[in-house]
Amino acid sequence: MRTLVWYRGKDLRIADHAPLRDAAAGGEVIALFVLDPYFFAPERARELPHRMQVLLDSLRALEANLAQRGSRLWVIAGKSTEVVPRLAARWKVDRVVAHRWVEPFGRERDRRVREALRVRFELYEGETLVPPGTLRTGAGKPYSVFTAFARAFAATASELGKPLAAPKVLPPPPEGISAKTVAIPTCESLGIAPNGNLVQGGERAARARLKHFLEGPAREYDVGRDQLDRAGTSRLSADIKFGTLSIRTVWTEVQRALGRSKAAKSFLNELVWREFAYSTLWDRPELLTKPFRPEFEGFPWGCDEALWSAWVSGTTGYPVVDASARQLLGEGFVHNRARMISASFLTKDLLIDYRRGEAHYMKYLADGDWANNNAGWQWCAGCGCDAQPYFRVFNPVSQGEKFDPNGDYVRRWVPELARMPAKFIHRPWEAPDAVLRAAGVRLDRDYPRPVVQHAGARNRFLALAQEHLAATKRATRDDRG
DNA sequence: TGGTGTTTAGG
DNA sequence: CTAAACACC
C-alpha cells in the first residue's frame, strides 16, 4: 500500500500524527506539502510576516525530522486542488490521508480535492480534541452556552487516548517517483526581515516551550495567567496553531503534570474555549464575516481613521492599550488579557467594527487562528456566541492598574514611559508636572494624551448599543408578529 | 473573564 | 469616612 500523507500547515509534526503513523504501518509513505505560489509570493508574505516566519521555521523542521528518519518531505509548488490529485495519480498512490481542517477555507479545499481525487481520501480528526459537530444539546442542536458545552465536553474528554510517539524510523521514499520540487522559502527569499522576537517554530522548540510551561508557569496558571507583567501564560498558541504540538499532547501533558489542580483546570478550560470556537465555526462558517448574534448586524460602527491608526500604532494615549498594540507588531503575540483590553477599547471606546481589529490581528499574530481569533473578537465586542454582555466595557486605566500594577508591561512596550512611577504610568495625563519632568515625559510630544475620554466614550457606546439593540429587537418582533 | 453610581453597614 | 452590597448599563 502506498499512502500520500498530505501536510497542510496545521499539523506540522511527526509526533502524535495518526495519518503518518498509519501510512507507515501500511507500507510506502510519500509526505507532501503543497506550496501555493499565491500565498508564498513576497507581496502576500509581507502581509503576514510573523505567521509566515513561524510557518517556514516549522516547515524546515518538519523536513529535517522526516529526513532524519529516512523519509522525505516533498515540497511541490502549485494549487493543492490541482497538485494533490495530479500527483496521487502520477505516483499511483492507493490513498491520500490528512488531518481534517475544520475552518471554512480548509473544508472547502478538502471538498474540492475529494471531488478531483480518484483514490480514497481519508481525513483524520485531531485538530480538535472532540470532532466538531459531535457535541449536541438534548435537542440535537449546537451549544450556544459555553458552560453547557464544557459540561458535555467533560463527559467525553476521558476518551481522548494517549498521544502517539514520534516514529523512530520511517519507510524510505518509494523508488521511481519524481517531481519538480521547490526549496522551502526563507524569510530573506520572500523579502521579510526575520524577527528575533517571534517564537521559534518547529516541533523541537514547541516541546521545549511545553516543558518550560509545565515546570513553571503552569503550576500557578490560575493566578498568573491574567497578570500582564509576568510570563504566566503558556505561550503555546503558535504551536497549537501550526500543530507542532497536537492539541491532544498539550491536553494530556498538562493533565499528567498537574492532575486536577486548580491551575490545571484553569488552563484546560482555555483549551475547551478553543473547542467551543472550532465547534461553533464548524456549525456556522458564516461567522467569519457575520456576528453570531443577529441583532448586531448593521451595528452603527464608526469609521474614524485617525482613531484607527492611533490604535494600530499604539498611540492612543492609554498606556496598556498602546503596549498591547505594540506587542502585537513587535512580537506577533499579545497577552490574552491585553487582547481583551485592546478589543474592548477598539470596539467600545473607539466604536470601530470588531472585524477591522480581527483582520489586523490575523495579519500580525504569529498564532493567528481563524476560529479562535474570530471567537475572541466577537466575544469582546459582545456579539459572539455566549459573549460577554455588550455593557461590559473595560476601563483601560483600572485594567492596567489591576493586571500590570507596577507598570512593567507598559515599560517594556512603551519605552517612552519607562521612567514613569507606577502610580501614574497608566494615566500619565494626570501626573503632576514634576513627575512628568522627572520621568522625561512631555505630554503630546513624547507620549500622546488620550485620543478619547474613556468615561464619555463609554457612555456614547452604551447609548448607541442600547438604542441599536432595542431597535433591532423591535424589528424582529414586528417581523414575526 | 466589568464598571459606575448609589445605598448601606460598620467604624 | 470606607468598603461591601446592589442595581443598572
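Every heavy atom of this structure was used, including side-chain atoms; hydrogens, water molecules and symmetry mates were not. Naming: A, B, ... by sequence-line order, numbering from 1 per chain.
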Are any protein N/O atoms closer than 3.5 Å to N/O atoms in nucleotides 5-9 of chain C? If there are, list each pair with its distance.
residue : atom : partner  : partner atom : Å
C:dC9   : O3'  : A:Gln466 : OE1          : 3.4

*asked:* Would you say the ring centers of A:Tyr221 and A:Phe267 fall short of 6.0 Å from each other?
replied: yes

*asked:* Checking ring pair (Phe, Tyr, Trp, His ring centres under 6.0 Å) between A:Phe276 and each of A:Tyr143, A:Trp282, A:Phe292, A:Phe149, which is the one that passes?
replied: A:Phe149

_For a quick check under 3.5 Å, do A:Gln327 and A:Tyr409 share a side-chain donor-acceptor pair by atom type?_
yes

*Atom CG of A:Leu228 to atom P of B:dT1: distance rounded to whole Å?*
16 Å

*Would you kindly give the CZ-to-P distance between A:Arg225 and B:dT1, to the nearest whole Å?*
8 Å

*Rounded to whole angstroms, how far apart are CD1 on A:Ile341 and C1' on B:dT1?*
11 Å

_Test item: side-chain donor near acceptor, A:Ser266 and A:Asp222, under 3.5 Å_ = no

*What is the distance, rounded to the nearest whole Å, between atom NZ of A:Lys348 and atom P of B:dT4?*
13 Å

*Give the rounded distance in Å between these two atoms: CZ of A:Phe276 and P of B:dT1.*
16 Å

*Which whole-number value in Å describes the distance from A:Gln453 CD to B:dG3 P?*
17 Å

*State whether A:Phe146 and A:Arg151 meet the cation-pi test: NZ (Lys) or CZ (Arg) under 6.0 Å from the six-membered ring centroid, and within 45° of the perpendicular axis.*
no

*Check salt bridge (Lys or Arg N to Asp or Glu O under 4.0 Å) between A:Arg337 and all other residues, then give those that pass, not counting sequence neighbours.*
A:Asp226

*Salt bridge check: are A:Lys241 and A:Glu127 linked by an N-O gap of less than 4.0 Å?*
no

*asked:* Under 6.0 Å from the ring centre and within 45 degrees of the ring axis: does the NZ or CZ of A:Arg355 meet both conditions for the six-membered ring of A:Trp377?
replied: no

*How many Å lie between CD on A:Glu401 and P on B:dG3, as a whole number?*
11 Å

*In whole Å, what is the span from the CG atom of A:Asn372 to the C1' atom of B:dT1?*
16 Å

*Under a 4.0 Å heavy-atom cut-off, which of residues 393-400 of chain A touch DNA chain B?*
A:Val393, A:Phe394, A:Asn395, A:Ser398, A:Gln399

*asked:* Parallel, tilted or perpendicular, judged at 30° and 60°: which one describes the rings of A:Tyr354 and A:Trp301?
replied: perpendicular

